[in-house]
There are 2 protein chains.
Amino acid sequence: MVQLEKSTELKILEAAKQEFIERGFDGARMQKIAERAGINKALLHYYFRSKENLFKGIFREAFGEFIPKIMATFQSNLPFEEKLKSAINSYIDLFIKNPHLPVFVINEMHRNPSLIPEIILSEGAKPEILLHALAEELKQMKVKHITPVHLIVNILSMCIFPFAASPIITGVLFMNDKIAYQQFIQERKQVVFDFIMNSLKSK
Amino acid sequence: MVQLEKSTELKILEAAKQEFIERGFDGARMQKIAERAGINKALLHYYFRSKENLFKGIFREAFGEFIPKIMATFQSNLPFEEKLKSAINSYIDLFIKNPHLPVFVINEMHRNPSLIPEIILSEGAKPEILLHALAEELKQMKVKHITPVHLIVNILSMCIFPFAASPIITGVLFMNDKIAYQQFIQERKQVVFDFIMNSLKSK
DNA sequence: GTCTATATTGTGATAGAC
DNA sequence: GTCTATCACAATATAGAC
């Protein structure tokens, strides 16, 4: 028996994901989710009891995309430069495909900060391992003027912020030229990599 | 005649600013604003006709804090390193005083992107002047591996993102130790400055 | 499982007394 | 100017037929 149509539950989850990520929890509307899924409101409540309920899984999934990426990359045996390049590329590609993701995650993590540690644990992430591995790398490279924590935050900052602040960048720096913004984003992969490597090599 | 109590209008504006910045437009409640101001809902509508109306001035004021800072700094005659240090310090100090500001601005600029260019203009900011001045600086320093736009975005990223993502940083990297996060933020001023200068000096 | 119709609640906004 | 009481509407949630 071949499943030709997506199950209703799956259709709802996909529609909800789009709506929540685009508008945030407060801005999302159950009516819109129903429309996007091609069903009606009542059915949403049949599958998931409440809006809050429907939301939780979505956030977990969206946020979960951030964690394994960076863990996997930095635990491999590649040389540091390759790890860095790979991490930057996969983050930026992820956000090119999902431009609203950064704002969504930033926003909702403030609405419900206690969710974060819970998700981290359930994703099996081990930040202390990551930090330790990075400390070893820096030691070998004889880099002494930055700590692993600050370095990670710098990497994430330069990858994520340009998407979170896209309206300012497009509107102010590129005078609403969206093509210029797209090109700018493409350049970021190389620019961020070079900027970080230059900083680490210096002194 | 000495004004002992704040005017009602001022009390409302302060209360609204807090509520909007903490919860965003969709999450803010007129009832809560009234409570914070020590008055009732009806009076809000007497002074400001609508929620949208009350919001606009707040956003303009909050966002306006970003623009003049960076413009003023980079148009001075100080050497580049001093300008950079001054810009970084004043941004980070601003966010230490107003930790919710970055999330608020990021969030609302997506809810209403057309507001941004409007405010930029009314603040009298001239991005092209800033970019041109920065291009001159980089030329004199013989820096060729980064453009002014990417450099500005890098600076803003590393100053703003650590506040926007504070729950992740506190929860994941510091295992909910808020004192450790505070200290981390204090370190950022020096770390970001060094990181950027190192990158520019390299090669 | 899926629908229409309706209940319930929350919230921005207004009327009118003082 | 400030209040209480109420409206109007939107949005979540439920009842019940099919």
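Everything numeric here is computed off the predicted structure, so don't read it as measured data. Side chains are part of it too, since the values below use all heavy atoms of this structure and drop only hydrogens, waters and symmetry mates. The chains referred to below are lettered A, B, ... by the order of the sequence lines, with proteins before strands, and numbering in each begins at 1.
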Is it the case that the side chain of E108(B) and the backbone of F25(B) share a donor-acceptor pair, with hydrogens and angles ignored and the cut-off at 3.5 Å? yes
Does the ring center of F184(B) lie less than 6.0 Å from the ring center of H150(A)? yes
Separation of K51(B) atom NZ from dA13(C) atom C1', in whole Å? 12 Å
To the nearest angstrom, the CD-C1' distance between E52(B) and dG12(C) comes to 12 Å
Would you say a side-chain N or O of Y46(B) is under 4.0 Å from OP1 or OP2 of dT14(C)? no
Should we say atom NZ of K32(A) is surrounded by more than 12 heavy atoms from elsewhere, each under 6.0 Å from it? no
Length of the line joining L54(B):CG and dG12(C):P, which is rounded to integer Å: 11 Å
Taking only nitrogen or oxygen atoms into account, show me every contact under 3.5 Å that the protein makes with nucleotides 16-18 of chain C, one pair per line with its distance.
none

Under a 3.5 Å distance rule, please check whether S90(A) uses its side chain to pair with a backbone N or O of A87(A) as donor and acceptor. yes
Residues which pass side chain to side chain contact (heavy atoms under 4.5 Å, CB included) with Q182(A), listed by chain and number, not counting sequence neighbours: none
Do F55(B) and F20(B) have ring centres separated by under 6.0 Å? yes
Please lay out, stage by stage, how F195(A) and I196(B) fare under the test side chain to side chain contact (heavy atoms under 4.5 Å, CB included). CA-CA 8 Å; F195(A) 194 79; I196(B) 292 169; 4.1 Å; yes
Just the rounded figure in Å: distance from P of dT6(D) to NZ of K41(B). 13 Å
Rounded to whole Å, please give me the gap between CD1 in I12(B) and C1' in dG1(D). 11 Å
Could you tell me the separation between the CG atom of L43(B) and the P atom of dT4(D), rounded to a whole number of Å? 11 Å
Taken in chain and number order and not counting sequence neighbours, the residues that satisfy ring-ring contact (aromatic ring centres under 6.0 Å, His included) with F66(A) are F95(A)
E14(B) and Q18(B): side chain donor to acceptor below 3.5 Å: no
So what is the end-to-end bend of the helix from dG1(C)-dC18(D) to dC18(C)-dG1(D), with 5 pairs used at each end and the value given to 10 degrees? 10°
Does anything in residues 16-40 of chain A come within less than 4.0 Å of DNA chain D? Heavy atoms only, and list the residues if so. A28(A), R29(A), M30(A)
Taking only residues two or more places apart in sequence or in another chain, which ones pass side chain to side chain contact (heavy atoms under 4.5 Å, CB included) with H100(A)? I21(A), E22(A)
For dT2(D), does either OP1 or OP2 sit under 4.0 Å from a side-chain N or O belonging to T8(B)? yes
H45(B) has an atom NE2; how far is it from atom P of dA8(D), in whole Å? 16 Å
Within this structure, what is the CZ-to-P distance between F48(B) and dT2(D), rounded to whole angstrom? 12 Å
Output yes when a side-chain donor or acceptor of H110(A) lies under 3.5 Å from a complementary backbone atom of I106(A), and no otherwise. yes
